[in-house]
Amino acid sequence: MFQKDFIFGAATAAYQIEGSINKDNRVKSIWDTFTEKEGTIMDGSDGSIVCDSYIKYKDDVKLLHELGVNSYRFSIAWGRVIDCNNEPNPLGIKYYQDLCKELLKYNIKPYVTLYHWDLPQRLMDKGGFLNDEISDYFMYYTEIVTQALDGLVSDYITINEPQCIIFMGHDACLFAPGIKYNDKEILHAIHNLLKCHGKAVKIIRKNVKNSTIGFAPCSRPLVPVHDDPILYQKCYLKYFSLDRSFEYANSVAIYSDPIFLGDYPKEYYLQFKDCLPNITKEDLELISQPIDYIYQNIYTGNYYSLDKDNNLVKNDFDFGYPEGNIDWLQIMPKALYYGPKYLYERYKKPIIISENGLCNVDFVSLDGKVHDPQRIDYIHRYMLELDKVSKEIPVKGYFYWSLMDNFEWNCGLKKRFGLVYVDYKTGNRIPKDSYYYYKDVIKRGGVEW
Ligand code: GBH
């Protein structure tokens, strides 16, 4: 069982649920551009309608209320609140004000993510995260949002999954903008992204009373195959290492060390000495202003063991190892034990799981319901591990990803993570069995074996 004031939440992101991409002077984002390109999205879908939450947000809030969550994590579309002339857009702003008011009516706390990947295309055209002015644009955007939501929102998350922005967007190129950067450009973009975070923190602290602030990277924790202090220590070190075979743009420490420890890891300066961006003392001070939580998106992990010489080895998954309906999501509840433990050990701040969830094969059964026992089992097992680690370190909350099925980026509408099923033809929402399970977990205050 979790502590009394535990944050039980559900999460979504603007581009994945809102639709109405041409309404109320919204400007184009890099995801609009990306989805227009042939072959980028598995099923050829895009964000134009999806869950229609721009129109149906009251239905969403009802679902949250009936679910019993005390918190809702959603993101703001930059291109809705700032128009093509870089001026505030009252119509887009009103949408988020109305959404927050509706949430507060039901005592649901809004947790606002400022950036969940939908950069305005006009800023991409100016160089995106390689443009050294991007953090000033982000600061201005944050100023407008915090003023507009004054008195409605106190909890902010600056950036969601910087690793995906950089690695998926600019290296693997499976996500928008899908432009390949070299090492020098990647490190430069990372540094500017961190400066965006820093400038946003400054503005939030200035404008928001009793604010809490976080940054929400993702990670794939190393899970020791058995209890052994040497193995644990090696897993811990590797989790924070910049090993290239590990895809450094996906690293934990490149993003979180500057924020929590005030500098990039030593290894970074050694490994990239030929392609470092310009890093000043002022930048590092900006980036490392104190924040309140370690947010982390954790879905899965990898098993590690020691060989006979005590070297760390990554274990392959056995044939038929249990997994979700998406290739990277192996079922590994212990990721929610070890991830928070490593993170707390290094950064010493309370943990909030900002995303965790299962992609499953969901469809409407003959009885009109959506039965998803796998998702129920997933939530149960993962929450047990979170419960276990919460006895050792401060764990403040958990957001299930996602409240409802939505646009799963390059996988389009094919992949379902929701507690609520969405019929994309009719817009109908059907709570799945797991919705009622999670409702019960919340009512009881946690899970038991
Ligand atoms: C999150 O990203 C997003 O924040 C959210 O918008 C999305 O809908 C949700 O999760 C479900 O996908 O290194 O093997 O893990 C997904 C996390 C992290 C998954 C990077 C793919 C790359 C392969 N992603 N990962 S792996």
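Both counts, for ligands and for their atoms, begin at 1 and track the order of listing. All values derive from a computational prediction rather than experimental measurement.
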Which part of I326 is near ligand 1, with near meaning a heavy atom under 4.0 Å away: side chain, backbone, both or neither?
neither

With heavy atoms under 4.0 Å as the rule, classify the contact between Q163 and ligand 1 as side chain, backbone, both or neither.
neither

If the plane angle is over 60° it's perpendicular, under 30° parallel, otherwise tilted; pick one for W31 and W117.
parallel

Would R429 count as a cation-pi partner of Y421, with NZ or CZ less than 6.0 Å from the six-membered ring centre and within 45° of the ring normal?
no

Over-ring placement of K388 relative to Y337, 6.0 Å and 45° cut-offs
yes

Polar atom proximity, N406 to ligand 1 (N or O, under 3.5 Å)
no

Polar contacts were defined as any N/O atom of the residue lying under 3.5 Å from an N/O atom of the ligand; does this apply to N250 and ligand 1?
no

Test: R375 cationic atom under 6.0 Å from Y435 six-membered ring centre, within 45° of axis
no

With heavy-atom distances below 4.5 Å as the criterion, would you say the side chains of E345 and Y236 are in contact?
yes

Identify which of A13, C164, A11 has a heavy atom lying nearest to atom 18 (C) of ligand 1.
C164

Do any N/O atoms on W328 end up under 3.5 angstrom from N/O atoms on ligand 1?
no

Exactly one of Y342, Y304, Y232 should register a ring-ring contact (aromatic ring centres under 6.0 Å, His included) with Y239. Which one does?
Y342

Ligand 1 atoms nearer than 4.0 angstrom to some heavy atom of N160 are 4 (O)

Is the shortest N/O to N/O distance between W409 and ligand 1 below 3.5 Å?
yes

Under a 4.0 angstrom heavy-atom cut-off, which atoms of ligand 1 come close to R220?
14 (O), 15 (O), 26 (S)

Quick check: Q16 and ligand 1, any N/O pair under 3.5 Å apart?
yes

F167 near ligand 1 by a heavy-atom separation under 4.0 Å:
no

Between Y111 and F399, is the ring centre distance below 6.0 Å?
yes

Hey, looking at atom 17 (C) of ligand 1, which of K415, H116, E161 has the closest heavy atom?
E161

Parallel, tilted or perpendicular: which fits the ring planes of Y438 and Y400, with parallel below 30° and perpendicular above 60°?
tilted

